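Quick notes on the structure that follows.
Computed from a predicted structure; not experimentally measured. Every chain is numbered from 1, with letters handed out A, B, ... down the list of sequences.
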2 protein chains.
Amino acid sequence: MTSRASRSGNGNPDAVGFEQHDHAACVRDGMAAAEARCAEEGLRFTSVRRKTLEILLQEHSALGAYEVLDRLREAGFGSQPPVAYRALEFLVSNGFVHKIEKLNAFIACTNPGTAHYPAFMICRSCDSVAETQSMPARGALGDAARAAGFLIERTVVEAEGLCPTCADKADT
Amino acid sequence: MTSRASRSGNGNPDAVGFEQHDHAACVRDGMAAAEARCAEEGLRFTSVRRKTLEILLQEHSALGAYEVLDRLREAGFGSQPPVAYRALEFLVSNGFVHKIEKLNAFIACTNPGTAHYPAFMICRSCDSVAETQSMPARGALGDAARAAGFLIERTVVEAEGLCPTCADKADT
DNA sequence: AGGTGTAATGTTATACAATCACATGGAGAG
DNA sequence: CTCTCCATGTGATTGTATAACATTACACCT
């Protein structure tokens, strides 16, 4: 429905919330946090799952399942779709990774460990993605849900538009 | 990632916002509203597009593109994917139909004509979908966007959970 | 009426996303 | 040690969405 540029390596690899950051550190921290949580809760943080999270932390932008699969294959893991999908499902359901529904793509969580309702800002020009929080209970959606008697369990909140950098470019 | 029951005919066909309503009237009104808007804005409300909207208004729940395509074929239209996708794109981009990203499915807008940021409540048990409004400017996402300098153009806001009916059943 | 530009449609093929079904193997519990 | 469960691997299939290109329908002008 919308045109889609190749996703790999897109966007500013240094954009978390569209800001600079110490990338090596955030990969390390992300892995450490997952490691800790898995140990704590008795989850099996196997090598495929570990590698998958590492790939997403490295890339630091949304990757399609098949791009993840490519990188897994290169790393010597299985080459069939379920290999990637199973690892992704594990990571998503434990909050280490989020799925961007609008892009059918996955991105590493920027603050794992904290239970939260994630929200995303997606730049339609450079495909960079920034994670933030939403508060469904507050706001119009929460009001509607209460009024209707609807029980919110999970939310998908994604804003599409222009990141600061691309907005500036467009202004000229 | 999530199991998916067959979507056609699912849910309570009388659930708009999970409430009863006069279905025949709402199909009629939906078609009339689209008709009016298209005339007004010089859009071509062709027979495929008309039929597609009618299908979605009739069903009154989210339909996958290929289910729409099946019904179009039965009605004597082309049978190839682009037939459905093009009609859906027209309807979506003009606000007569919304896409539910979480379901990869399409649903007729319940209040066309009004410019709005739609939001949806999706029952994971009966697959019924209710449309409501969101206000991105207000709320946590709006705050984050302003802080980051992100320009919101469109939003995807979808809550997954239990509709009143299914929540009651689950309580027993 | 005939010509022209544009939008819509039809058709074929293919890319991308996700799941099913089944076989194998290793880690942990008893 | 063995049994069981869970994770992994593989092949095949289904579902979703577009690309690319030929053709047709329609509006507008002359």
Side-chain angles (χ1 to χ4, degrees), chain A residues 1-8 10 38-39 41-53 56 62-94 97-107 127 156, chain B residues 1-8 10 38-39 41-53 62-73 75-94 97-107 127 156:
Chain A
M1 208 126 285
T2 62
S3 70
R4 172 186 301 163
S6 143
R7 220 153 19 199
S8 48
N10 274 343
C38 287
E41 304 192 22
L43 302 168
R44 298 167 75 168
F45 199 37
T46 64
S47 64
V48 202
R49 295 168 177 179
R50 195 182 306 265
K51 184 64 189 175
T52 302
L53 178 56
L56 289 172
L63 282 187
Y66 278 56
E67 289 173 307
V68 171
L69 180 56
D70 284 345
R71 286 176 173 60
L72 284 175
R73 176 176 34 237
E74 286 163 17
F77 293 93
S79 61
Q80 302 302 317
V83 173
Y85 279 102
R86 286 195 281 239
L88 288 167
E89 172 163 22
F90 171 86
L91 295 169
V92 166
S93 67
N94 290 107
V97 163
H98 300 298
K99 179 173 184 186
I100 312 290
E101 296 289 343
K102 180 82 190 180
L103 303 176
N104 288 323
F106 301 84
I107 192 165
D127 281 326
V156 175
Chain B
M1 205 125 287
T2 62
S3 70
R4 173 185 300 161
S6 144
R7 220 152 18 200
S8 46
N10 273 342
C38 286
E41 303 190 23
L43 302 169
R44 295 192 182 180
F45 200 36
T46 64
S47 63
V48 202
R49 295 169 177 179
R50 196 182 306 265
K51 184 64 188 174
T52 303
L53 179 56
L63 282 187
Y66 278 57
E67 290 173 306
V68 171
L69 181 56
D70 284 345
R71 287 177 173 59
L72 284 174
R73 176 177 33 240
F77 293 91
S79 61
Q80 302 305 313
V83 173
Y85 277 102
R86 287 196 279 239
L88 288 168
E89 173 165 20
F90 171 87
L91 295 170
V92 167
S93 67
N94 291 107
V97 164
H98 300 298
K99 178 172 185 186
I100 312 290
E101 296 288 343
K102 181 83 190 178
L103 304 176
N104 288 323
F106 299 85
I107 192 166
D127 280 328
V156 175

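Rounded to whole Å, atom P of D/dG15 lies 16 Å from atom CG of B/L103. Atom P of nucleotide D/dT16 and atom CG of B/L63 are separated by 11 Å, given to the nearest angstrom. Atom-to-atom, CD1 of B/I100 to P of D/dA17 comes out at 12 Å; the value is rounded to the nearest Å. Going from atom CG of A/L91 over to atom C1' of D/dA7 covers 14 Å, rounded to whole Å. Rounded to whole angstrom, the span from the CD atom of A/E89 across to the C1' atom of C/dC20 amounts to 14 Å. For the pair A/F90 CZ and D/dA7 P, the computed distance is 8 Å after rounding to whole Å. Rounded to an integer number of Å, the gap from B/E101 CD to D/dT16 C1' is 12 Å.
Counting all heavy atoms, side chain and backbone alike, B/I100 lies closest to B/A62 at CG1-CB, 4.4 Å. Listed here is the closest heavy atom pair of A/K51 and A/A75: CE-CB, 3.8 Å. Nearest heavy-atom pair, A/T52 versus A/A87, reported as atom, atom and distance to 0.1 Å: OG1-CB, 3.4 Å. For the residue pair A/V92 and A/K99, the shortest heavy atom distance occurs at CG2-N, 4.5 Å. Residues B/V156 and A/K102 come closest through the heavy atom pair CG2-CD, 3.9 Å.
At least one side-chain heavy atom of A/R71 sits under 4.5 Å from a side-chain heavy atom of A/L63. Looking at A/Y85 and A/F90, their side chains never come closer than 4.5 Å, going by heavy atoms from C-beta outward.
Taking the nucleotide of DNA chain D with the nearest heavy atom to each of A/A87 and A/Y66, the more 5' of the two is matched to A/A87.
At D/dA17, one or more side-chain N or O atoms of B/K99 fall inside 4.0 Å of OP1 or OP2 (strictly under the cut-off). Look at A/N104 and you'll find a side-chain N or O under 4.0 angstrom from OP1 or OP2 of C/dA18. Put simply, A/Y85 has a side-chain N or O that comes within less than 4.0 Å of OP1 or OP2 on C/dA18.
Judged as a side-chain contact (heavy atoms from CB on, under 4.5 Å), and not counting sequence neighbours, the contacts of A/L69 are A/P81, A/V83, A/A84. For A/E74, the side chain to side chain donor-acceptor pair (under 3.5 Å) test picks out no residue, with sequence neighbours left out.
B/L53 pairs in a side-chain contact (heavy atoms from CB on, under 4.5 Å) with only one of the listed residues (B/V48, B/V97, B/L88), which is B/V97.
In the helix from C/dA1-D/dT30 to C/dG30-D/dC1, the terminal helix axes, each the rotation mapping four pairs' C1' atoms onto the next four within five end pairs, subtend 30°, rounded to 10°.
The stretch residues 41-51 of chain A comes close to DNA chain C through A/R44, each having a heavy atom under 4.0 Å from the strand.
Between the CZ atom in A/R44 and the CZ atom in A/R50 there is a gap of 12.5 Å [rounded to 0.5 Å].
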Name the pairs: protein N/O against N/O of nucleotides 10-12 of chain D, kept only if under 3.5 Å.
from: D/dT10; atom 1: OP2; to: A/S79; atom 2: N; distance (Å): 3.4
from: D/dG11; atom 1: N7; to: A/Q80; atom 2: OE1; distance (Å): 3.3

